[in-house]
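Here is the naming used below: chain letters follow the sequence lines, and residue numbers restart at 1 for every chain.
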Protein chains: 2
Amino acid sequence: MSLFLSTYVNKVDKKGRVSVPSLFRAALETQKFQGIVVFRSYKHPALEAFGLDRMAQLSQSLDKNFNLFSDTQDDLAASIFADAQQLGFDGEGRITLPDDIAAHAGITESACFVGRGATFQIWAPDTFKQHQTAARARVQQGNVSIALHASEVGQ
Amino acid sequence: MSLFLSTYVNKVDKKGRVSVPSLFRAALETQKFQGIVVFRSYKHPALEAFGLDRMAQLSQSLDKNFNLFSDTQDDLAASIFADAQQLGFDGEGRITLPDDIAAHAGITESACFVGRGATFQIWAPDTFKQHQTAARARVQQGNVSIALHASEVGQ
DNA sequence: CCATAAAATCCCATGCTATCCCAATTTAGA
DNA sequence: TCTAAATTGGGATAGCATGGGATTTTATGG
């Protein structure tokens, strides 16, 4: 199973190409389609991304459990498929970000790849910095981290 | 399962490399990825660390319901997965601490590896000494339950 | 159906950085 | 004290990100 960790900032060249971090590529190397799937995030000025096999998995999960999602979430999830783009790697492990997708995240001359475990996101570097600082503050204030460790890892 | 005990202080060279204590490495030698995962602690000027297996486990457990819409998961992901770094061992069992990570712990010319059972921490030696003294004082004052709770959680 | 232009893809070259490899030194154990 | 293991240091190497050109594919108009 793929695991995406850490944050990388890479440059976008004139052609709109960006290197996907090598460790992210390594996490996807067992897949048939050598590339990623991206779509615009609903909650953030950012892009959601993962491998194609996970997209298939998401489709299956929606088929079987659509009643578990609320109507709104169902609509959101369904529109993911319409918005999603398959971006293949070139020989050097780069993808080419389509203009409209890049615009949604405000990405211009560099892109920030953010690991989220099973998935990752792509942000404009400055925007993500702000978001991360705020998120970190929220986690510090609430006792979220304790619940997390205790329930899952604290054996 | 890996068990990290005792405290070791090792030097950081000009390239930012530190030897991970051999007993800590031994505790991880059954894992595929020969190295560790580190991220900045929320509560302390220190780094949390453990093997990649444990991080994969954490990712899986958070990922069970494809939760693209949870605010809490969002913050956790941004704080833990985005912040985490995979640091592989070199031939001599060293890791290279990235500058920003090292800065959070105030680590400059030497690093203190502190065993915490299933996980361990990395501190600046002086900072840890102070922290340990303060913790001891709290125990003497009778604030034992808090100290115990914190240690159990791995913060 | 063909010709041309535009765009996306592929291919190779470069600089930088992280990693590897080997040697020296220190520490721990017998 | 002697020996083996662990830590420390530095030069060499390989991998990655990046840039630019060449080639193929796709769209457009005749």
**Q.** Runs of at least three consecutive pairs that involve DNA chain D, where pairs are Watson-Crick or G-U with distances under 3.5 Å
**A.** C:1-30 with D:1-30
Q: Quickly work out the Gln34(A) CD to dT9(C) P distance and round it to whole Å.
A: 15 Å
Q. Quick one: Asp13(A) CG to dG15(C) P, roughly how many Å, whole number?
A. 18 Å
Q) Quick one: Ile95(B) CD1 to dA6(D) P, roughly how many Å, whole number? A) 17 Å
Q | Face-on cation placement of Arg54(B) at Phe50(B) ring, 6.0 Å and 45° thresholds | A | yes
Q) Taking 4.0 angstrom as the limit, do Arg40(A) and Asp100(A) come out as a salt bridge? A) no
Q) Does a donor on one side chain and an acceptor on the other come within less than 3.5 Å for Tyr8(B) and Ser19(B)? A) no
**Q.** Pairwise salt bridge (Lys or Arg N to Asp or Glu O under 4.0 Å) hits with a residue in residues 15-26 of chain A, at least two apart
**A.** Asp13(A)-Arg17(A)
Q | Atom pair OG (Ser6(A)) and CD (Gln85(B)), whose distance is rounded to the nearest 0.5 Å | A | 4.0 Å
Q: Take the protein atom CG of Leu97(A) and the nucleotide atom C1' of dT9(C), then report the distance between them rounded to whole Å.
A: 16 Å
Q: Would you indicate what Ser19(A) reaches in the nucleic acid, counting non-hydrogen atoms under 4.0 angstrom: base, sugar-phosphate, or nothing?
A: base
Q) What class does the angle between the rings of Trp123(A) and His44(A) fall in, given that below 30° is parallel, 30 to 60° is tilted and above 60° is perpendicular? A) tilted
Q.
Distance check needed: dT8(D) C1' versus Phe113(B) CZ, whole Å only.
A. 13 Å
Q) Lys11(A) has an atom NZ; how far is it from atom C1' of dT14(C), in whole Å? A) 14 Å
(Q) Output one letter per nucleotide in nucleotides 17-30 of chain C: B when a protein non-hydrogen atom lies under 4.0 Å from the base, S when only the sugar-phosphate is that close, - when neither is. (A) --BBBB--------
(Q) Looking at Lys14(B), I'd like to know whether one of its side-chain N or O atoms comes within less than 4.0 Å of OP1 or OP2 on dG10(D). (A) yes
Q.
Between C1' on dG15(D) and OH on Tyr8(A), what's the gap in Å once rounded to a whole number?
A. 14 Å
